[in-house]
S.K.: 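Handing you this structure, nothing more for now.
All values below come from the heavy atoms of this structure, side chains included, with hydrogens, waters and symmetry mates left out. By convention in this document, chain letters (A, B, ...) are assigned in the order of the sequence lines, proteins followed by strands, and residues within each chain are numbered from 1.
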Amino acid sequence: MSEPTAPAEYDAREAQEKWQAYWADHETFRPLDDGTKQRRYVLDMFPYPSGDLHMGHAEAFVMGDVVARFWKLRGYDVLHPLGWDSFGLPAENAAIAHGTHPAQWTYANIETQARSFRRYGLSVDWSRRLHTSDAEYYRWTQWLFLKFYEKGLAYRKASYVNWCPSCMTVLANEQVVQGLCERCHSVVTKRQLTQWYFKITEYAERLLDDMAQLEGKWPDRVLAMQRNWIGRSQGAYVDFPVEGQSTVITVFTTRPDTLYGAMFMVVAPESDLAAELVTPDCLTDFEAYLERTKQATEIERQSTEREKTGVFLGRYAINPLTGERIPIWTADYVLSEYGTGAIMAVPAHDQRDLDFARAHGLQVRMVIDTGEDDPTQSGVATAGDGTYVNSSELNGLRDKKSGIAAICEKLERDGTGRSAVTYRLRDWLLSRQRFWGCPIPIIHCPVDGEVPVPEDQLPVELPDLRGAALAPKGISPLASAKDWVNTTCPRCGGLATRDADTMDTFVDSSWYFFRYCSPGDTNKAFEHDDVTRWMPVDQYVGGVEHAILHLLYSRFFTKVLFDLHLVDFTEPFTRLMNQGQVINRGKAMSKSLGNGVDLGAQIDQYGVDAIRTTVVFAGPPEDDIDWADVSPSATLRFLQRAWRVAKDVSSPVGSDPATGDVSLRRVTHRILNDITELLDIRRFNVCVARLMELVNATRKAIDAGPSGADPAVREAAEFTAVALSLFAPYVAEEMWQALGHTPSVAETSWPEVDPDLAAAQVVTMAVQVQGKVRAKIEVPADISDAEAEKLALADENVGRYLAGRIVAKVIVRAPKMVSIVPAA
RNA sequence: GCCGGAGUGGUGGAAUUGGUAGACACGCAGGAUUUAGGUUCCUGUCCCUUGAGGGGUGAGAGUUCAAGUCUCUUCUCCGGUACCA
């Protein structure tokens, strides 16, 4: 009779099919949510459905999966959902190109990605899947907009906005990257438009203060970026009366102590103030200058190397401290959006003001003597500390802090100024002149003005527009859908029009993590109780490219929802991890470089497990992976070795490991102990390395030691299967089954470490003489300090180095180290 | 400029609270198995000397019995941001 021969290798493809189906059928990763276990929420930044998954997804999503699987095995009830950020421009562009509806491209890609994610072995509860472009989802995006509106946090205003001439839509400040459109890299220009904004600036202080909750739990660089972006400045407002007018120009300055050196004023050209101040004599020059400013692109305008241009407005202001008459200019180096849109210029101590003064022959007065060269001569403004001069009551003072305090006090007394804080953060412009987004639920009525769509009429669904009807025209495609845009006013019943803009897709993604807690809820955006049970998110995982935009907006939303009493916490994401990118040969993968690596092809060749494990093993999760530096084939070999170890276990299920080989058990428990700690601090790459050690040790035990029948070998193989299931879930399931277990390794629990076994018995003690290791002695782990010192001093080699010298000092750190210091 | 972060073999990277630097891999070299290739397995692999010797974590100082780790100075690289008053 012929014995069926076991395959020499595990079949990745077969295992993938088999266990994918098993996990789906048994809803293995659906949380119990019954309160029997402590809850944990693991969240991956949800994907945008642009084609199939790529290498970047492979890295991004495996990290969260390791955490989710680990926590599940550790006995937590884990919520690990996934959905799609499915509104956005690429779908619309594809629809225009193919004469179709954006939904077609979007949902086809979602299906492709969903299949790939399942194959990739993510431990996701698919019953909570959501898509932001579903009416059942965006209904609640609209509902939230209306809540913000009621609270006065959503408002419309006319202003100069960033305009992308290629996307033909406005952009938020955050979407302009070095003067270019974040998406298409076109040069961004300015347009005056009336647009919707969220009043995020009202939350600036709280967004800043609450970062204390995140310190140490979010990457430093992300916190730093948010802090810089919010850009808090402490300073003062100072009022300058305008000569011969009742107008007062208020400026913001961080250095009120240099007020005695304010030699002129500059107002932003686009500001109302400039138009108001300009005298008829100067009007022609001013208008020409204003025109030039508007034409300038963001890049030109932001270039610091540019010479300082500007024109005199024909008027003078009065320095409130000195009573001096100082000229008022306009120049584009002053921004209308920051502070008050006007500055006092202190050329001696501000480089920009100095450059401007020198370009236009304005006076310079030094008010702080720093000991450096006179800025008037050197052309270099002195910004450092020094002694006040030419500053009346401040003269002789050296301390900047008291200088600022003294001036602020004086201004406040005179009623000409007050200390103040300003922020770089601007309100969030959320209108977009595009189709494939969430409609803004506002109706414009000639009688009643802005009227919110009543809640019971939500969602305001998108009309069926496709192909050429979506082509960008500079106004929203929705505006030309007459049947849709023309409606009646909910208040007066008269003819009215819908707001034809859609929302920035960052609005959709600012609350999806709440929705996962109450999937499919038809009465609410989310249930307060659901959110309270699961949130805040315990571990958020995503790319650092969202360090500012998405995270800031989500934090803002959470605070608003807190104020609306819809949630009980103020920060949505307790811990944040930024995974790195996958690059190839030192460069980002791109078609033009021809260095792309196809995830699907990699998986076909090596299997999901090998790719997941390769990604994890390549380095720390937050580092980039250069695909040229890694070896999926070597990782696959390791997985095969692990699998063969499980196959070679011949002891029965439930064998008592205590009867097994103790030295292998020591290795197993030491490594188990280390891996448990390493997972908590998210050093996944080291975990894989330790598992390789364990597999090597087990192999050795099978081949050259106690053999596969030893229960210690079974113990080692079982732990390997459990730990490996975080990284290589399919092969782990196969191992678990080969070891005689059912049903799924994902359903078992993390093994208990035996501390006696994990602790080393024998330790190599290093003996140093004058800081250099001169002997290594094997000692029992529980050796006493006295015994360790005795052994160390008795060592032959140590004796040679001491060479009869007197021992001045002995430091003992039993059992690891004895350090001997001979007398000089 | 300002703010973050990082510099360790040929390569990716290890190294609790300062306590044997280079774990685990890749690559390379040699060997076993194989008709061959591949696979698998074994041995070696920081550098210089090659005897139990010396040097070594970007550079330079410092603290310490002991520094990759702490302090100061400095250089380089990466990321963010920048007429923000």
S.K.: Would the base of B/G19 count as contacting A/Q768 through its side chain, where contact means a donor and an acceptor less than 3.5 Å apart?
M.R.: yes

S.K.: Please tabulate the protein-to-nucleotide N/O contacts below 3.5 Å involving nucleotides 28-31 of chain B, giving atom names and distances.
M.R.:
none

S.K.: Return the set of residues passing salt bridge (charged side-chain N to carboxylate O under 4.0 Å, His left out) with A/R690 (not counting sequence neighbours), or none when no residue passes.
M.R.: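 Salt bridge (charged side-chain N to carboxylate O under 4.0 Å, His left out) check on A/R690 returns A/D674, A/E693.
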
S.K.: Scan nucleotides 69-71 of chain B against the protein and return all N/O pairs shorter than 3.5 Å with their distances rounded to 0.1 Å.
M.R.:
none

S.K.: State which residues pass side-chain contact (heavy atoms from CB on, under 4.5 Å) with A/T309; sequence neighbours excluded, sorted by chain then number.
M.R.: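 A/Y289, A/R292, A/R306, A/E307, A/D332.
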
S.K.: When you compare the side chain of A/M265 with that of A/I343, does any pair of heavy atoms fall below 4.5 Å?
M.R.: no

S.K.: Suppose we screen for salt bridge (charged side-chain N to carboxylate O under 4.0 Å, His left out). Which residues come up paired with A/E215, at least two apart in sequence or across chains?
M.R.: A/R227

S.K.: Where the side chain of A/R221 is defined as all heavy atoms beyond and including C-beta, which of B/C41, B/G79, B/G12 is the nearest nucleotide?
M.R.: B/G79

S.K.: Report the residues that fulfil ring pair (Phe, Tyr, Trp, His ring centres under 6.0 Å) with A/F719, sequence neighbours left out, ordered by chain and then residue number.
M.R.: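 For A/F719 the ring pair (Phe, Tyr, Trp, His ring centres under 6.0 Å) partners, ignoring immediate neighbours, are A/W750.
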
S.K.: I need the CG-P distance between A/L636 and B/C26, as an integer number of Å.
M.R.: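 So the two atoms are 12 Å apart, to the nearest Å.
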
S.K.: Checking A/D648 now: which residues fulfil salt bridge (charged side-chain N to carboxylate O under 4.0 Å, His left out) with it, not counting sequence neighbours?
M.R.: A/R699

S.K.: For residues 809-822 of chain A, which side-chain donor-acceptor pairs fall under 3.5 Å, sequence neighbours excluded?
M.R.:
none

S.K.: When all nucleic acid strands are considered with a 4.0 Å heavy-atom cut-off, which category describes A/S233: base, sugar-phosphate, or nothing?
M.R.: sugar-phosphate

S.K.: Out of B/U20, B/A14, B/C24, which nucleotide sits closest to the side chain of A/K776?
M.R.: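 Between B/U20, B/A14, B/C24, the one nearest the side chain of A/K776 would be B/U20.
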
S.K.: List, with names and distances, any nitrogen or oxygen atoms from the protein found under 3.5 Å away from nitrogen or oxygen atoms belonging to nucleotides 51-53 of chain B.
M.R.:
{"from": "B/G53", "atom 1": "OP1", "to": "A/Y801", "atom 2": "OH", "distance (Å)": "2.4"}

S.K.: Run the ring-centre check on A/F264 versus A/W329 and record whether the distance is less than 6.0 Å.
M.R.: no

S.K.: Is B/G68 in the syn or the anti form, by the rule that syn lies within 90° of 0?
M.R.: anti

S.K.: Among residues at least two apart in sequence or on other chains, which ones pass salt bridge (charged side-chain N to carboxylate O under 4.0 Å, His left out) with A/D626?
M.R.: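 Salt bridge (charged side-chain N to carboxylate O under 4.0 Å, His left out) check on A/D626 returns nothing, list empty.
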
S.K.: Hey, does A/R227 reach any base, or is it just sugar-phosphate, or nothing, if we go heavy atoms under 4.0 Å?
M.R.: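 Nothing, no nucleic acid heavy atom in range.
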
S.K.: Under 3.5 Å, which donor-acceptor pairs link side chains of residues 785-798 of chain A to any protein atom two or more places apart or in another chain?
M.R.:
{"from": "A/D795", "atom 1": "OD2", "to": "A/N797", "atom 2": "N", "distance (Å)": "2.9"}
{"from": "A/D795", "atom 1": "OD2", "to": "A/V798", "atom 2": "N", "distance (Å)": "3.1"}
{"from": "A/N797", "atom 1": "OD1", "to": "A/R800", "atom 2": "NH2", "distance (Å)": "2.5"}
{"from": "A/N797", "atom 1": "ND2", "to": "A/R774", "atom 2": "O", "distance (Å)": "2.6"}

S.K.: On the side chain of A/S819, is there an atom forming a donor-acceptor pair with the base of B/C65 - under 3.5 Å, no angle test?
M.R.: yes

S.K.: Can a cation-pi geometry be assigned to A/R424 and A/W229, taking NZ or CZ under 6.0 Å from the six-membered ring centre and within 45° of the ring axis?
M.R.: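 Judged by the rule (NZ or CZ under 6.0 Å from the ring centre, within 45° of its axis), A/R424 counts as positioned above A/W229.
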
S.K.: On RNA chain B, check which nucleotide each of A/M765 and A/T340 is closest to and give me the residue with the more 5' one.
M.R.: A/M765

S.K.: Picking from B/G80, B/A25, B/C24, which would you name as closest to the side chain of A/E693?
M.R.: B/C24

S.K.: What is the distance, rounded to the nearest whole Å, between atom CG of A/L694 and atom P of B/A25?
M.R.: 12 Å

S.K.: Go through residues 610-620 of chain A and report each residue with a non-hydrogen atom lying under 4.0 Å from RNA chain B, sorted by number.
M.R.: A/F617, A/A618, A/P620

